[in-house]
Colleague: 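Sending over a structure as structure tokens; questions will come in a sec.
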Protein chains: 2
Amino acid sequence: MPVEPLSRPRIVAAAIDLIEREGADAISMRRIAADLGVGVMSLYNHVPNKATLLDAVAETVLSGIEFTDDPDADWTDRVRMQARAFRQIAHHYPRCTMVVVSRQLQSPAGMLPVERALATLRSVGFDGEEAVRILRMFIAYIVGSLLREVGVTPTFAPVHHSQVDIEKVDPVLFPETRSLAVELGACDHEAEFEFGMELLIQAIAGRLAGRGR
Amino acid sequence: MPVEPLSRPRIVAAAIDLIEREGADAISMRRIAADLGVGVMSLYNHVPNKATLLDAVAETVLSGIEFTDDPDADWTDRVRMQARAFRQIAHHYPRCTMVVVSRQLQSPAGMLPVERALATLRSVGFDGEEAVRILRMFIAYIVGSLLREVGVTPTFAPVHHSQVDIEKVDPVLFPETRSLAVELGACDHEAEFEFGMELLIQAIAGRLAGRGR
DNA sequence: ACCTGAACACCGTTCAAGT
DNA sequence: ACCTGAACACCGTTCAAGT
């Protein structure tokens with residue numbers, strides 16, 4: 001029935017499509033098969049199981065990141081670019097973000113960003129231990145930022161999409177939360193991301209400068 | 001059959017238990033009911049559905065955080081304490097962490113930490129907008145750190161629990177990753193967390209100082 | 001008010017049968 | 001080699017029946 005033959009890439013693409021259309025919860029082998037116009041069991045000729053398929057989804061999304069590294073640029077600009085490239089995931093595949101972030105990949109697609117980041121950090125003079133530490137800090141920040149952007153993170157960015165919610169916050173128990181309702185209600189994800197990123201870059205730049213002493 | 005009567009708290013406790021014992025994937029209404037020695041449908045007398053139950057799990061875990069705030073302490077110490085309190089989640093309920101982090105709560109349990117953090121930041125002189133920005137940055141960092149600690153984060157902290165994995169990394173494609181195999185393989189979560197936290201605190205302290213000019 | 005079994009519409013995956 | 005339907009052991013949830 002399918003005009004093109006079934007293949008792993010086609011299955012992964014259908015899975016990504018389905019997640020973006022109906023959310024990560026909606027995904028199932030049966031739904032994907034239905035979308036492709038084949039029987040469920042046909043999928044198992046190309047993918048061993050659902051977990052592996054989700055890994056492939058994560059890998060595919062991750063490998064779609066456009067890393068445009070300019071080795072001649074200032075190192076802070078290079079770090080900026082790499083961090084922003086990651087944030088693209090949340091833009092291009094918002095509902096796949098959780099899948100990407102919650103899967104442990106050891107494939108090249110997952111490791112290339114690591115390699116690049118380490119190379120950049122080492123080239124400015126950080127030793128191995130520092131480079132790894134700094135990379136991990138950036139990753140933690142980026143992952144946390146993506147989850148907020150994608151609307152998955154909790155509580156801590158409350159009071160959204162409706163002023164009614166604000167009214168329900170008890171002003172005597174939560175005076176600050178209440179008085180900052182406007183600020184908490186709005187969130188310019190790009191500005192927020194940039195703010196934290198600049199603070200981090202500034203902090204590690206300071207660390208680098210303090211090195212010479 | 002149950003010696004104690006069924007109740008929402010007992011159901012939530014059983015759910016947390018099950019998640020910690022067998023992982024978040026293993027959770028189901030039927031398994032929880034079995035653990036409690038009741039029929040599945042009995043649960044629905046106390047909890048409207050599975051999603052609400054998971055929200056309650058998140059809220060319960062979150063409200064178990066021990067916030068010991070000393071208003072007389074240095075503000076940096078207060079921030080440190082609040083951040084560390086969050087990290088306790090990953091220690092006390094490692095396998096529930098993903099659940100906590102992936103649910104949007106608007107309950108008091110979820111908002112109290114926000115309220116405290118905002119109060120602390122405002123008391124040192126940050127205005128509302130700055131306080132919210134800084135809080136969000138900390139939350140992003142903490143959430144990302146917890147996910148790494150709990151082993152959920154991807155790729156980016158690769159090469160774990162086995163030296164064999166390292167051997168498989170292609171040294172010509174990934175020279176840095178390969179040469180830093182030892183550093184990437186080990187991860188002292190507490191040290192890692194503290195490193196990033198100190199950098200963040202230092203960065204915002206600098207921002208505060210630069211304010212007087 | 002609380003408990004429950006049967007039933008419904010879903011899952012992922014194994015297996016044996018087809019081509 | 002690839003596709004597939006039937007079958008199995010699971011899901012969450014509705015409903016009607018019990019106490």
Side-chain angles (χ1 to χ4, degrees), chain A residues 1-60 95-96 98-100 102-105 152, chain B residues 1-60 95-96 98-100 102-105 152:
Chain A
M1 196 57 60
V3 51
E4 274 185 84
L6 207 48
S7 67
R8 192 180 158 107
R10 252 170 54 82
I11 293 172
V12 172
I16 293 176
D17 249 42
L18 181 57
I19 293 174
E20 289 304 326
R21 245 170 31 235
E22 309 195 19
D25 285 346
I27 210 182
S28 79
M29 299 300 274
R30 291 173 129 105
R31 289 281 274 105
I32 295 167
D35 283 5
L36 288 166
V38 300
V40 207
M41 292 320 299
S42 305
L43 304 183
Y44 287 84
N45 292 306
H46 303 88
V47 164
N49 52 42
K50 191 185 181 182
T52 305
L53 174 54
L54 289 179
D55 283 342
V57 165
E59 198 183 319
T60 301
R95 310 183 85 169
C96 284
M98 195 65 201
V99 176
V100 175
S102 65
R103 304 247 130 208
Q104 213 139 349
L105 307 180
V152 120
Chain B
M1 196 58 59
V3 52
E4 273 186 84
L6 207 50
S7 68
R8 193 181 158 108
R10 251 168 56 81
I11 294 172
V12 172
I16 293 175
D17 249 42
L18 180 58
I19 293 174
E20 289 304 325
R21 246 169 31 234
E22 309 195 20
D25 285 346
I27 209 182
S28 80
M29 300 300 274
R30 290 172 128 106
R31 290 281 276 102
I32 295 167
D35 283 5
L36 288 167
V38 300
V40 207
M41 291 321 298
S42 305
L43 303 182
Y44 287 84
N45 291 306
H46 303 88
V47 165
N49 52 43
K50 190 185 181 182
T52 305
L53 174 55
L54 289 179
D55 283 343
V57 165
E59 198 184 320
T60 301
R95 309 182 86 170
C96 284
M98 196 64 199
V99 176
V100 175
S102 65
R103 303 248 129 208
Q104 213 140 350
L105 306 181
V152 119

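Note on naming: letters A, B, ... go to the chains in the order of the sequence lines (proteins, then strands), and numbering restarts at 1 for each one.
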Colleague: Just by modelled atom types, is the A:Leu6 backbone N or O under 3.5 Å from a matching donor or acceptor in the A:His46 side chain?
Modeller: yes
Colleague: May I have the step-by-step check of side chain to side chain contact (heavy atoms under 4.5 Å, CB included) for B:Leu43 and B:Leu53, ending in yes or no?
Modeller: CA-CA 10 Å; B:Leu43 303 182; B:Leu53 174 55; 5.6 Å; no
Colleague: Rounded to the nearest angstrom, tell me the gap between atom CG in B:Asp25 and atom P in D:dC11.
Modeller: 12 Å
Colleague: Could you state the atom-to-atom distance from CZ of B:Arg30 to C1' of C:dC11 in whole Å?
Modeller: 11 Å
Colleague: Please list, by residue number, the residues of residues 42-50 of chain A whose heavy atoms come closer than 4.0 Å to an atom of DNA chain C; answer none if no residue qualifies.
Modeller: A:Tyr44, A:Asn49, A:Lys50
Colleague: Under a 3.5 Å threshold, yes or no: a donor from one side chain and an acceptor from the other, between A:Asp55 and A:Thr52?
Modeller: no
Colleague: Name the nucleic acid region contacted by B:Met41, choosing base, sugar-phosphate or nothing; use a 4.0 angstrom heavy-atom cut-off, strictly under.
Modeller: base
Colleague: Whole angstrom is fine here: how far is it from CG in A:Leu36 over to P in D:dC2?
Modeller: 16 Å
Colleague: Between C:dC10 atom P and A:Ile32 atom CD1, what is the distance in whole Å?
Modeller: 16 Å
Colleague: Measure CG/B:Leu6 against C1'/C:dA1 and give the value in whole Å, please.
Modeller: 13 Å
Colleague: Hey, does the side chain of A:Arg103 reach the backbone of A:Ala56 with a donor-acceptor pair shorter than 3.5 angstrom?
Modeller: no
Colleague: According to the Watson-Crick and G-U wobble definitions, with both distances under 3.5 Å, which nucleotide is paired to C:dG5?
Modeller: D:dC15
Colleague: Decide yes or no for A:Asp35 and A:Arg21: does some side-chain heavy atom of the first lie under 4.5 Å from some side-chain heavy atom of the second?
Modeller: yes
Colleague: Report yes if the side chains of B:Ile27 and B:Lys50 come closer than 4.5 Å at any heavy-atom pair, otherwise no.
Modeller: yes
Colleague: Return the value, rounded to whole Å, for the distance between atom CE of B:Met29 and atom P of D:dC10.
Modeller: 18 Å
